[in-house]
Amino acid sequence: MLYYLFNYLYKVHHLPGTGVMQYSSFRAALAIVTSLIIAQFFGAPLIRVLQRQQIGETIRDLGLQGQMEKKGTPTMGGLIILLAILVPVLLFAKLDNIYIVLMILSTVWLGLIGFVDDYIKVVKKDKEGLAGRFKIMGQVGLGLTVGWVLFFSNDVTVRQYLLSNGQSSAVDASTIYQDVKLMITTIPFAKNNELNYGDLFATAGDFFNEYYAFFYIPIVILIITAVSNGANITDGLDGLAAGTSAIIGTTLAIFAFVSGNALLADYLDIMFIPNSGELVIFCAAFVGACVGFLWYNSYPAQVFMGDTGSLAIGGIIAVLALIVRKELLIPVLCGVFLVENLSVMVQVSYFKYTRRKYGEGRRLLRMSPLHHHYQKLGYHESKIVSRFWIVGIMLAVLTLVTLKLR
């Protein structure tokens with residue numbers, strides 16, 4: 001909103017200084033500062049409200065060190081994250097940008113699903129929360145919407161350069177170009193690293209070549225569902241999900257910045273995605289919200305984000321990666337989420353297999369998800385979180401290296 005006000009003052013009244021809002025880097029700086037301020041000043045009052053309403057976490061005794069001390073800690077703190085994301089974005093981003101619209105939609109959509117789940121758990125005192133099938137339906141609904149927009153909207157394009165030999169390229173810049181509808185993604189560590197989803201079905205016949213949206217959209221649904229559930233599972237120790245998400249968000253902000261800048265995209269030999277640079281403002285607000293939330297969520301936590309926050313931040317990360325065409329990097333960038341998810345799947349599968357084969361279930365880990373396994377081994381909660389953050393930073397650096405290492 002402030003962007004449009006300053007834009008009006010700059011173009012109509014030529015007011016000195018108002019032109020600075022034209023720079024996405026300046027608006028990103030304002031967004032991260034604003035999100036930090038919102039998290040700080042609205043976090044404490046919200047925690048007090050949650051305490052007065054007795055909206056506290058119900059703890060099931062799993063024999064973990066320090067676990068029962070958390071009983072009654074306010075949950076639904078994800079509201080702090082949502083507020084600290086949405087307000088700066090509404091103030092400083094271009095709200096007619098298709099990518100910003102998608103990110104706001106994704107934040108509110110999954111935030112509401114998580115809120116309903118937390119509400120049922122802590123207010124209605126139903127520890128099962130929202131039925132799993134309804135969560136999945138909500139995630140699938142968002143994936144269907146995002147996939148449909150990315151595939152069919154004429155505002156979602158990549159820049160294709162016309163070369164002197166008559167061929168076209170998404171990465172070799174020239175003075176002649178066109179912005180076209182192509183479902184291209186980036187293959188990490190490959191030299192010619194653009195994959196057109198349509199090429200996967202080019203030899204399957206005209207029908208598949210023309211309607212491969214029916215294959216692309218399920219991929220989008222799978223990615224959004226997997227990453228949002230991964231973030232939800234990772235949210236089991238104080239500061240773990242918020243800190244890891246801040247690292248991932250910073251990395252995606254860099255990708256959005258270079259992908260939305262024609263000169264940097266040319267220099268790095270990567271595809272230029274028109275209008276994607278506006279996502280830097282959203283990423284900045286997202287990182288600021290996660291870091292600001294850590295003020296209250298770091299060990300010992302004064303508030304938990306609950307599903308309100310964890311489902312939303314997972315969905316945000318997934319949609320951001322899809323927009324900047326880096327979804328194939330998710331297993332690396334979101335490696336912490338992936339391993340946490342896999343640890344649960346492997347533990348459950350192995351337990352069921354051994355129960356059928358030997359008559360009793362056996363476990364590979366002392367407890368899943370993986371962070372609880374390390375707790376069972378005697379590691380302190382803060383040490384586990386710190387080391388997971390370090391792993392997250394290493395994975396983020398490896399992801400950024402793909403910009404040049406091919």
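The figures here come from the full heavy-atom set of this structure, side chains too, leaving out hydrogens, waters and symmetry mates.
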Working to the nearest 0.5 Å, report the span between [atom1] of [X] and [atom2] of [Y].
X	Y	atom1	atom2	result
M76	F115	CE	CZ	3.5 Å
S245	D235	OG	CG	8.5 Å
N297	L237	CG	CG	10.0 Å
L91	L30	CG	CG	9.5 Å
L90	I281	CG	CD1	13.0 Å
M137	L142	CE	CG	14.0 Å

Exercise: identify the closest heavy-atom pair between [X] and [Y]:
X	Y	result
I317	L252	O-CD1, 3.8 Å
V303	F293	CG1-CE1, 3.8 Å
I247	A396	CG2-CB, 3.8 Å
A289	I81	CB-O, 3.7 Å
I32	A29	CG2-O, 3.2 Å
S228	G315	CB-N, 3.8 Å

Looking at [Y], is its backbone amide N or carbonyl O close enough to the side chain of [X] to form a donor-acceptor pair, meaning the two atoms are under 3.5 Å apart?
X	Y	result
T402	T399	yes
K135	G114	no
H373	S368	no
W389	G239	yes
E327	T185	no
Q22	N7	no
S259	A256	no
K404	L268	no
R159	F272	no
E340	L370	yes

Y4 and D96 side chains, donor-acceptor separation under 3.5 Å
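Yes.
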In the structure I gave you, are the side-chain heavy atoms of [X] and [Y] within less than 4.5 Å of one another anywhere?
X	Y	value
I80	F42	no
L333	K326	no
D307	K121	yes
F255	R325	no
L320	Y99	no
N229	Q139	yes
I270	T186	no
I313	M305	yes

[X] atom [atom1]: more than 12 heavy-atom contacts under 6.0 Å:
X	atom1	value
F189	CZ	yes
Y119	OH	no
Y3	OH	yes

Intermediate values then yes/no, side chain to side chain contact (heavy atoms under 4.5 Å, CB included), V220 and F151
CA-CA 10 Å; V220 174; F151 192 92; over 6 Å; no
Identify the residue among L102, N97, I98 that makes a side-chain contact (heavy atoms from CB on, under 4.5 Å) with I100.
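That would be N97.
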Taking the cut-offs as 6.0 angstrom to the six-membered ring centre and 45 degrees off its axis, would you call K357 and Y350 a cation-pi pair?
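Ring-cation test returns no.
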Can you tell me how the ring of F388 sits relative to the ring of Y374, calling it parallel under 30°, perpendicular over 60° and tilted otherwise?
perpendicular
